[in-house]
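These figures come from a predicted structure and were not determined experimentally. Chain letters run A, B, ... following the sequence lines, proteins first, then strands; residues in each count from 1.
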There are 2 protein chains.
Amino acid sequence: MDAETRALGFEHALRRAGIRITRQRAALLRVLASAEDHPDATQLFQRATEAGAGVSLATVYRTLSALEAQGVVLKVEFAGEPARFEPADGKHHDHMIDVETGEVTEFVSDRIERLQAEIAAELGYEIVRHRLELYVRRKT
Amino acid sequence: MDAETRALGFEHALRRAGIRITRQRAALLRVLASAEDHPDATQLFQRATEAGAGVSLATVYRTLSALEAQGVVLKVEFAGEPARFEPADGKHHDHMIDVETGEVTEFVSDRIERLQAEIAAELGYEIVRHRLELYVRRKT
DNA sequence: ATCCCTGCAAACCCTTTGCAGCGCA
DNA sequence: TGCGCTGCAAAGGGTTTGCAGGGAT
């Protein structure tokens, strides 16, 4: 999915929820839609500002909350850093964080997912959501 | 392991690192050692206060940091709440959080651990630490 | 013309820290 | 007695919010 298609998806999701697309939001959605990494609110603010969006940090947070509430953006909170945000299209995945470089890699493991569900079920629970992060180092 | 044995272990770890056992710390260690749940700093502060320890919240944080640095206490950060602390004796485990009651259950899965290591290895990494939390709901 | 939105700054929550005096070892 | 410790209060970082004016629908 290209960035503009994704941005339009964001707009649609907001409009559907009766949320207005302002100049600031339109700009922000595009910044977010084209992010390849996992930026935090401050980085999104900077990028939007560089793009001439004239947005305040408060609006960045407010828009991210709205997008998250609509389920089109995921907030990811790694240990000891500000929350990061990623588009929620695409399939579920977990994260691997290189502790030396900070680089984030996404991965999926159906087997782990299945085991998690089994463990929960054994204790009489069903999984609502989960968080799995591997903090790793490049093997020597 | 009973609470007092655990508390003595904490004291030993601190002393070994050249850290003094003050009245406040001794009290705090006992509160922590006898915690069955996963209390956060404020709760530990309250319990210590109720026990007549005369401790300040700052000291609670400072002592917890020291214990964590010695590896005898683990700081656990669940999504959207203050950090919790648990004694680090016993074996590694992950956490399951009941989203309705907030109750925390510990669990282990060697198979998941193994799969994590495999996934990291496939990408040329080795795991430094990981975080796995299942947010669950009692099955109907 | 509505209301929702915006920017700003202040407020928030959790946690850390500077300081001057206190008390373990 | 030395040096780490303590309480207090202020600072800190990330995030949220109250307010009065502005703009999308």
Side-chain angles (χ1 to χ4, degrees), chain A residues 7-8 10-32 38-46 48-49 51-70 73-85 102, chain B residues 7-8 10-32 38-46 48-49 51-70 73-85 102:
Chain A
L8 291 174
F10 289 160
E11 292 199 359
H12 183 232
L14 292 184
R15 255 192 259 274
R16 194 172 38 204
I19 295 171
R20 291 174 185 165
I21 307 303
T22 61
R23 171 182 53 77
Q24 294 88 329
R25 284 184 173 161
L28 199 46
L29 298 188
R30 270 148 193 86
V31 169
L32 190 51
H38 297 72
D40 60 30
T42 304
Q43 291 172 315
L44 290 168
F45 169 67
Q46 282 173 196
T49 301
V55 191
S56 69
L57 186 54
T59 292
V60 172
Y61 276 110
R62 279 190 275 234
T63 300
L64 289 170
S65 296
L67 290 166
E68 201 199 356
Q70 297 314 311
V73 155
L74 245 41
K75 184 199 277 194
V76 193
E77 300 176 88
F78 296 140
E81 20 174 301
R84 296 162 177 246
F85 298 85
Chain B
L8 290 174
F10 289 161
E11 292 199 358
H12 184 230
L14 293 183
R15 256 192 258 275
R16 195 172 41 205
I19 295 172
R20 293 174 184 165
I21 307 303
T22 61
R23 171 183 54 78
Q24 293 88 331
R25 281 183 175 162
L28 199 47
L29 298 188
R30 271 149 192 86
V31 169
L32 190 52
H38 298 70
D40 62 29
T42 303
Q43 293 172 315
L44 290 168
F45 169 66
Q46 282 173 195
T49 300
V55 191
S56 70
L57 186 54
T59 291
V60 172
Y61 276 109
R62 280 189 277 232
T63 300
L64 288 170
S65 297
L67 290 166
E68 199 198 357
Q70 297 314 311
V73 156
L74 244 43
K75 184 200 277 193
V76 192
E77 300 176 87
F78 297 140
E81 18 174 304
R84 296 163 176 244
F85 299 86

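- Side-chain proximity of B/Val55 to the nucleotides D/dT15, D/dG7, C/dG7 is greatest for D/dG7.
- Within the structure, every side-chain polar atom (N or O) of B/Tyr61 is placed at least 4.0 Å from both OP1 and OP2 of C/dT16.
- Remark: P of D/dG22 and CD1 of A/Ile21 are 22 Å apart, rounded to the nearest angstrom.
- Taking atom CZ of residue B/Arg20 and atom P of nucleotide C/dC22, one finds them 15 Å apart after rounding to whole Å.
- Of the candidates D/dT15, D/dC5, C/dA9, C/dA9 carries the atom nearest the A/Ala58 side chain, counting heavy atoms from C-beta on.
- Contact check for A/Arg30 versus A/Leu8: side-chain heavy atoms found under the 4.5 Å cut-off.
- Rounded to an integer number of Å, the gap from CD of B/Glu81 to C1' of C/dT15 is 16 Å.
- A/Leu57 places its CG atom 10 Å from the P atom of C/dG7, with the value rounded to the nearest Å.
- Distance CZ/A/Arg25 to CD1/A/Ile19: 6.0 Å, rounded to 0.5 Å.
- Rounded to whole Å, the distance from CG on A/Leu14 to C1' on D/dT25 is 15 Å.
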Practice problem: Carefully, step by step, assess B/Thr63 and B/Leu32 under the rule side-chain contact (heavy atoms from CB on, under 4.5 Å). | Solution: CA-CA 11 Å; B/Thr63 300; B/Leu32 190 52; over 6 Å; no
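- Of the listed nucleotides (C/dC5, D/dT6, C/dA25), C/dA25 has the atom at the smallest distance from the side chain of B/Arg15.
- Side-chain nitrogen and oxygen atoms of A/Gln24 include at least one within less than 4.0 Å of the OP1 or OP2 phosphate oxygen of C/dG7.
- Nucleotide D/dG13 holds its P atom 14 Å from the CG atom of A/Asp40, rounded to whole Å.
- A residue-by-residue look at B/Ile19 and A/Arg84 shows that B/Ile19 has its nearest nucleotide of DNA chain D further toward the 5' end.
- At C/dC22, none of the side-chain N or O atoms of B/Arg23 fall inside 4.0 Å of OP1 or OP2 (strictly under the cut-off).
- For the atom pair A/Leu29 CG and A/Glu11 CD, the distance stands at 5.5 Å (nearest 0.5 Å).
- B/Gly80 comes within 4.0 angstrom of no nucleic acid atom, judged by non-hydrogen atoms across all strands.
- The distance from atom CZ of B/Arg25 to atom P of C/dC24 is 12 Å, rounded to the nearest whole Å.
- The side chain of B/Thr22 contributes an N or O atom lying less than 4.0 Å from OP1 or OP2 of D/dT6.
- Take the nearest nucleotide of DNA chain C for A/Gly54 and for B/Thr42: the residue whose nucleotide is more 5' is A/Gly54.
- Within the 4.0 Å cut-off from OP1 or OP2 of D/dT6, not a single side-chain nitrogen or oxygen of B/Ser56 is found.
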Practice problem: Given side-chain contact (heavy atoms from CB on, under 4.5 Å), test A/Leu64 with A/Lys75 step by step and report yes or no. | Solution: CA-CA 8 Å; A/Leu64 289 170; A/Lys75 184 199 277 194; over 6 Å; no
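- Summarising the geometry, the separation between CZ on A/Arg62 and C1' on D/dC19 is reported as 10 Å, rounded to the nearest angstrom.
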